[in-house]
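The basis for the numbers below is simple: all heavy atoms, side chains too, and nothing from hydrogens, waters or symmetry mates. Keep in mind the model is a prediction, meaning the values are calculated, not measured. Atoms within each ligand, like the ligands themselves, are counted from 1 in listed order.
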Amino acid sequence: MCVCVYSRFMNNRVPSHRRYQPTEYEHAANCATHALWIIPSILGSSILHLLSDDQWETISAWIYGFGLCGLFIVSTIFHTISWKKRHHRTMEHCLHMFDRMVIYFFIAASYAPWLNLRELGPWASHMRWVIWIMASVGTIYVFFFHERYKLVELACYVVMGFFPALVILSMTNRDGLIELLIGGVFYCLGMVFFKSDGRIPFAHAIWHLFVAIGAGVHYYAIWRYLYRPNEHMLEVKISK
Ligand SMILES: [Zn+2]
């Protein structure tokens with residue numbers, strides 16, 4: 001009886017070369033935990049767009065907005081299809097690849113406002129384009145080796161997540177660093193659940209929540225330190 005009730009919330013773990021099959025409850029949770037953030041991410045991106053004062057702020061708001069909304073939208077579509085249309089194996093497989101590719105672009109997009117709007121040293125300014133090369137390499141990797149070497153895939157995300165942060169060493173203005181670090185810690189803690197399907201019930205949905213919290217902290221930092229007009233600036237604008 002106890003095992004029967006428990007099995008509703010979690011299926012057995014599978015070998016590393018196979019994909020874990022969530023229970024009905026887990027499928028629903030996987031969809032809900034990212035669908036919930038689609039509207040807030042569209043609103044949040046629009047706010048940054050409205051607060052933009054110049055061309056670079058506008059471009060960065062677009063890039064970041066696409067990455068943020070794209071992550072939640074693609075993830076929700078993939079999880080819905082893998083729940084309701086699981087017999088469409090090819091479509092599900094393509095969407096799963098797309099879901100993983102979007103993560104690389106999401107990471108690059110999360111760094112974009114910092115790289116584009118903060119003053120950087122000569123070597124660090126190259127990171128503005130290096131992150132997009134990294135995201136493209138990650139995408140190509142997913143295309144050819146999707147799900148084949150899962151630890152390599154995880155390592156790629158960690159490198160992509162932390163390597164661009166080296167530019168901090170060249171930043172004169174380091175406001176927002178604490179928030180960037182806190183967001184990064186949430187992503188890392190979430191990875192424990194990302195790797196725990198079949199060990200912890202709703203592990204993937206919990207991973208989604210950690211991603212949402214990490215993204216929320218990073219959004220707050222971008223809004224506060226890169227877009228929100230400070231009081232001094234407001235005074236200048238009003239006096240004009
Ligand atoms: Zn997911």
Side-chain angles (χ1 to χ4, degrees), residues 8-42 44 66-110 135 138-139 141-143 145-158 160-161 183-219:
R8 273 199 224 164
F9 300 110
M10 186 177 70
N11 281 329
N12 290 330
R13 205 166 164 73
V14 293
S16 62
H17 61 278
R18 290 189 47 211
R19 183 124 54 91
Y20 171 75
Q21 281 309 317
T23 63
E24 286 292 297
Y25 288 103
E26 285 182 313
H27 269 303
N30 291 347
C31 296
T33 43
H34 267 180
L36 197 66
W37 303 104
I38 294 174
I39 303 281
S41 62
I42 293 171
F66 263 118
L68 186 67
C69 303
L71 178 86
F72 294 123
I73 292 170
V74 170
S75 172
T76 304
I77 294 172
F78 159 64
H79 283 293
T80 308
I81 297 291
S82 87
W83 181 20
K84 296 294 178 193
K85 303 263 182 221
R86 72 192 79 165
H87 44 280
H88 288 83
R89 304 298 304 172
T90 316
M91 182 164 67
E92 197 212 354
H93 180 73
C94 288
L95 278 167
H96 193 225
M97 276 170 51
F98 197 32
D99 179 63
R100 293 297 154 86
M101 288 168 177
V102 162
I103 298 176
Y104 289 108
F105 284 95
F106 168 69
I107 298 172
S110 299
T139 301
Y141 176 82
V142 172
F143 187 78
F145 303 109
H146 179 52
E147 295 270 272
R148 207 162 316 159
Y149 313 104
K150 291 188 179 177
L151 276 177
V152 176
E153 210 170 283
L154 195 65
C156 287
Y157 289 128
V158 173
M160 175 91 202
V185 168
F186 274 107
Y187 289 130
C188 289
L189 289 176
M191 277 184 211
V192 175
F193 295 93
F194 184 65
K195 290 271 123 203
S196 298
D197 285 330
R199 269 198 207 118
I200 300 168
F202 298 100
H204 196 83
I206 298 170
W207 148 249
H208 277 186
L209 289 177
F210 273 92
V211 169
I213 297 169
V217 174
H218 282 176
Y219 174 84

S.K.: Does a sphere of radius 6.0 Å around CD1 in Ile39 hold more than 12 heavy atoms from other residues, nucleotides or ligands, not counting ones at 6.0 Å or beyond?
M.R.: no

S.K.: Using the six-membered ring wherever Trp is involved, compare the ring planes of His79 and His208 and label them parallel, tilted or perpendicular (cut-offs 30° and 60°).
M.R.: perpendicular

S.K.: Could you check whether the rings of Tyr187 and Phe106 sit parallel, tilted or perpendicular, using 30° and 60° as the cut-offs?
M.R.: perpendicular

S.K.: Using 30° and 60° as the class limits, which term best fits the ring planes of Trp83 and His27: parallel, tilted or perpendicular?
M.R.: parallel

S.K.: Not counting sequence neighbours, list each pair that qualifies as a salt bridge (Lys or Arg N to Asp or Glu O under 4.0 Å) and has a residue in residues 187-196.
M.R.: none

S.K.: Salt-bridged, Lys150 to Glu153, with N to O below 4.0 Å?
M.R.: no

S.K.: For the Zn ion (ligand 1), which protein N/O/S atoms are closer than 2.8 Å?
M.R.: His79 NE2, His204 NE2, His208 NE2

